[in-house]
Amino acid sequence: MEVKNIRIRNMKYGDFNDNEYLEEYVNELRKNGVNLFVGKLGDLINWGRSNSVWPLTFATSCCGIEFMCVGAARTDFARFGWEVTRNSPRQADVIFVCGTIVHKMAPVLKRLYEQMAEPKYVMAIGSCAISGGPFKSSYHTVMGVDRIIPVDVYIPGCPPRPDAVLYGMMQLSRKIKVQNFFKLPDQPQVPGTVDHQTEANGNS
Amino acid sequence: METVEKELLALGFAEVTRSDKRLNVTVPKERLYETARFLRHESATVYDFLIDMVGIDNGDSLGVIYYLSPSQSPERLLALKTSAAGREQPELFSVHDLWDSALVYEREVYDFFGIRFVNHPDMRRIFLRQDWKGYPLRKDYDASPEVNPVPLENEVIADMERTHSITVKMGDRIETTGYIFDNDDYVVNFGPQHPAMHGVLHLRVALDGEVIRKIDPVFGYIHRGIEKMCENYTYPQILHLTDRLDYLSGTMNRHAVCLCCEKALELEVPDRAHYIRTIFDELTRIASHLLGWGCMCMDMGSITAFVYGMRDREKIMDIFEETAGGRLMANYNVIGGVARDIHPNFRKRVKELIPYIRRMLKEHHLLFTGNPIARGRMKGVGRLTAKKAVSLGATGPTGRASGWRNDLRKIDPYAAYAKADFEEVIREEGLTFDRYVIRLDEIEQSLRIIEQLVDNIPEGPYAAKTKAVIRLPEGEFFQRVENARGQFCVHITSKGDKFPYRMKFRSPSLVLVGALKAIAAESKVADLIMLGASLDYVIPCIDR
Ligand code: SF4
């Protein structure tokens, strides 16, 4: 069904942002000694989401070792709430693609991505994941994971230093913070792949 | 003339030449099996260790080189060569009943060159998907992405486990297909995506209750086609790819290629470079063993050990970074020496590191080796006998834990190893506990080597002068080094160009998965991950 422009006759749009009555409530409650804080639910959720991102461990090669370093003693991403690495995609928020993706792995990666619950994010770590990197001229390499799944953050390097990975993680945190949780943007389509969702909708 | 040389000449059909301490034996393909059996069982020197099989496309025919060595004196080397006539349906007799390692090597040659091995029970592709078109390492392979596009669907399991084999009985050629698993088998998938597999190994395991009946490893989830890429890269460019094979022994792999090229060029490498390379190799070995130890402990449920191992490893990464500029990928060795001189702090840092690691080793032993639960789990499981280790070609710490002396640093010293006094750690029983402890003991020996060398680094240039464009003379060159997992070998066939005609790496890890098959059968599924960790394989090195 096509969504039409909804016209509301008896209330102006500006009035939606007029929260005077809320402020009155707040003042009254405060006067009576209640400690109270008002904010947007979306901000609260985003604050929580951006500080507890659970990565799926998906390391195919060398970059995976540097990813392990990020998780280990010196750089320790637990400081940012990322430490709960998950081995099942169903529990993960972000997939770190560490390492080269080859033809045989491509469908596996795609399926893992599809198994993750929304909202989900992808980080491409290292030149291999970004573009095929040193293996650009190989017959069996996928020239960048963005050919199969949409990527949110790219971290260049071969391999990127742990600090670079941390920086990339913070960029993703920032991205999560500014999203509207109640109206998440659609997943971008990757050219050349089949979108199972639209396919399913189209058939119904 | 050696006895074996005389014996081979007495066979009447073998051509024998000698180059660079290596016997080259060429036989016609009909006589291959006969010669192989002779070398394996009947000759005065028993060649019971099949180091590697190198397939090669000679234009009009496809050939195979078998590198052999006696397990008791691994410094001796023999290259058995043959060629399979014709490109349409090249076939050779399988030697898998002589050497267990041939089971995987032959599958690899089939995958890359399309040579089929008669009597091999399982002629499937090993790295590529079964529906892959063409044989990538042939010179006329069509690499355009239209022929083999990126697949969007997973491979069908039934295709993955359908085996082909050819047998010849009384002149009749019989082709059969079969399946790895029976219909009644209860098959569980491990991997390819799970950290406990130490990379992207995919194991299909048939279980009976909780006892493992059969394992079928599936490789190729990180097959990057490095060997083919090398054929279009110059030698200095190739060096960068070798670091990325077994990234935990990157420096050593690179060392192997450098040594091989230097040998071919007859280049004199300055002593200073030899010393620095040796120290770097040993630092890499320590870092690798620390990670291997940490991961093995983590697989047995002790995450603290992993964090401790990584913490100590960081110190080594700092040293690398200061001198070489890279952490994991030091990119430090170059043909003729090393890329730049050591940092002024290098000696000081290394000397600080040695007592630190010694102290930490004590702690590691205290933390985990002495732990009754850990000991209870590791003792008595996963026995690999010395005979099996040799037949499988399981070199390195795994072989040494079974009592097989195969340390190339001792038996065929390269770089500055002859100048240092150290022990080759040997254990006898070949159990999981032996493989665990041997790594920690090797760290101690590595520290000893470094200790003796670091103060004696001679003055002088750190690299020999090389030409701007490096061309290797025509010929076949082979070099082995001891990396953290075993013997890493490089084979180069050069036609006098600045690119190699064929480049082959022997991965010590590939056969270790074969060892896993051997030791995990009939053990409990709960031990599988621990047994895999005790072998410490690195998957990108297997897949190349
Ligand atoms: S980007 Fe470099 S370090 Fe990372 S996986 Fe690729 S080759 Fe390895």
Side-chain angles (χ1 to χ4, degrees), chain A residues 56-76 78 85-89 95 99-112 115 126 128 132-144 147-148 157-163 192-194, chain B residues 127-129 132 134 136 141-145 147-155 192-196 199-200 202 218-226 228-229 232-233 240-241 243-244 247-248 250 291 294-295 306-314 317 321 326-329 538-540 543:
Chain A
L56 171 77
T57 47
F58 182 80
T60 62
S61 51
C62 353
C63 281
I65 303 292
E66 286 298 65
F67 176 68
M68 280 155 71
C69 290
V70 188
R74 185 178 288 176
T75 32
D76 188 13
T85 50
R86 296 283 96 184
N87 302 331
S88 159
I95 175 164
T100 329
I101 301 299
V102 299
H103 282 220
K104 199 165 176 176
M105 197 60 172
V108 180
L109 173 63
K110 189 155 165 46
R111 186 193 275 197
L112 283 172
Q115 283 175 339
C128 281
F135 306 102
K136 190 109 188 133
S137 60
S138 160
Y139 54 87
H140 201 237
T141 313
V142 177
M143 303 305 161
R147 306 242 171 139
I148 23 182
C158 181
R161 295 174 50 86
D163 337 28
T193 57
V194 191
Chain B
F127 297 131
L128 301 169
R129 281 165 69 115
W132 191 267
Y141 172 69
D142 178 7
S144 53
V147 182
N148 287 300
V150 179
L152 292 173
E153 293 302 327
N154 275 314
E155 200 168 0
Q193 176 266 331
H194 197 281
V200 283
H202 180 185
V218 183
F219 304 104
Y221 289 97
I222 184 69
H223 171 63
R224 308 189 269 202
I226 290 184
K228 181 79 175 180
M229 287 170 65
N232 294 316
Y233 281 175
H240 296 281
L241 298 180
D243 272 33
R244 284 148 182 89
Y247 36 78
L248 294 176
L291 187 83
C295 287
F306 169 75
V307 178
Y308 276 32
M310 292 300 270
R311 177 196 62 192
D312 300 345
R313 192 175 162 274
E314 285 290 329
M317 295 295 113
E321 194 171 4
R327 281 163 50 88
L328 178 65
M329 305 288 166
V538 165
I539 312 300
D543 286 358

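Remember, it's a predicted structure, so these values are computed and weren't measured experimentally. So that the names make sense, note that chain A is the first sequence line, chain B the second, and so on, each numbered from 1.
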Do [X] and [Y] come within less than 4.5 Å of each other through their side chains, counting heavy atoms only?
| X | Y | answer |
| --- | --- | --- |
| B/Y233 | A/S137 | yes |
| A/M105 | B/V200 | yes |
| A/P107 | B/R129 | yes |

Which distance, rounded to the nearest 0.5 Å, do you find between the [atom1] of [X] and the [atom2] of [Y]?
| X | Y | atom1 | atom2 | value |
| --- | --- | --- | --- | --- |
| B/M317 | A/I65 | CE | CD1 | 9.5 Å |
| B/E321 | A/R161 | CD | CZ | 4.0 Å |
| A/C158 | B/L328 | SG | CG | 9.0 Å |

side-chain contact (heavy atoms from CB on, under 4.5 Å) for A/K104 and B/V218? Distances and angles first, verdict last. CA-CA 11 Å; A/K104 199 165 176 176; B/V218 183; 3.7 Å; yes

Part of [X] within contact of chain A (heavy atom distance under 4.5 Å):
| X | result |
| --- | --- |
| B/I226 | side chain |
| B/I222 | both |
| B/F127 | backbone |
| B/P151 | both |
| B/R327 | side chain |

So which atom in A/V108 and which in B/Y221 form the shortest heavy-atom distance, rounded to 0.1 Å? CG2-CE2, 4.0 Å

Of all heavy-atom pairs between A/Y139 and B/P136, which one has the smallest distance, and what is that distance? CZ-CB, 3.4 Å

Non-neighbouring partners of A/N87 that pass side chain to side chain contact (heavy atoms under 4.5 Å, CB included), sequence neighbours left out: A/T57, B/H194, B/P195

Which residues pass the salt bridge (charged side-chain N to carboxylate O under 4.0 Å, His left out) test with A/D76, not counting sequence neighbours? none

Decide yes or no on side-chain contact (heavy atoms from CB on, under 4.5 Å) for B/L291 and A/M68, but give the supporting numbers first. CA-CA 10 Å; B/L291 187 83; A/M68 280 155 71; 3.8 Å; yes

For [X], which atoms come within 4.5 Å of any heavy atom of chain B: side chain, backbone, both, or neither?
| X | answer |
| --- | --- |
| A/M143 | neither |
| A/I101 | neither |
| A/L109 | neither |

Determine, step by step, whether B/E314 and A/C69 satisfy the side-chain contact (heavy atoms from CB on, under 4.5 Å) criterion, reporting the C-alpha distance in whole Å, the side-chain angles of both residues, the deciding distance to 0.1 Å, and the verdict. CA-CA 8 Å; B/E314 285 290 329; A/C69 290; 3.5 Å; yes

Quick one: of A/G99, A/A106, A/P134, who has the most non-hydrogen atom pairs under 4.5 Å with chain B? A/P134

Specify which of B/R311, B/R224, B/M329 makes the most heavy-atom pairs with chain A at under 4.5 Å. B/R224

Residue selection (most heavy-atom pairs with chain A, distance under 4.5 Å) from B/P192, B/G220, B/P149: B/G220

Is it true that A/F135 and B/H223 have ring centroids separated by less than 6.0 Å? no

Begin with the C-alpha distance, continue with both residues' side-chain angles, and end with the deciding distance and a verdict on side-chain contact (heavy atoms from CB on, under 4.5 Å) for B/M229 and A/T141. CA-CA 11 Å; B/M229 287 170 65; A/T141 313; 5.8 Å; no

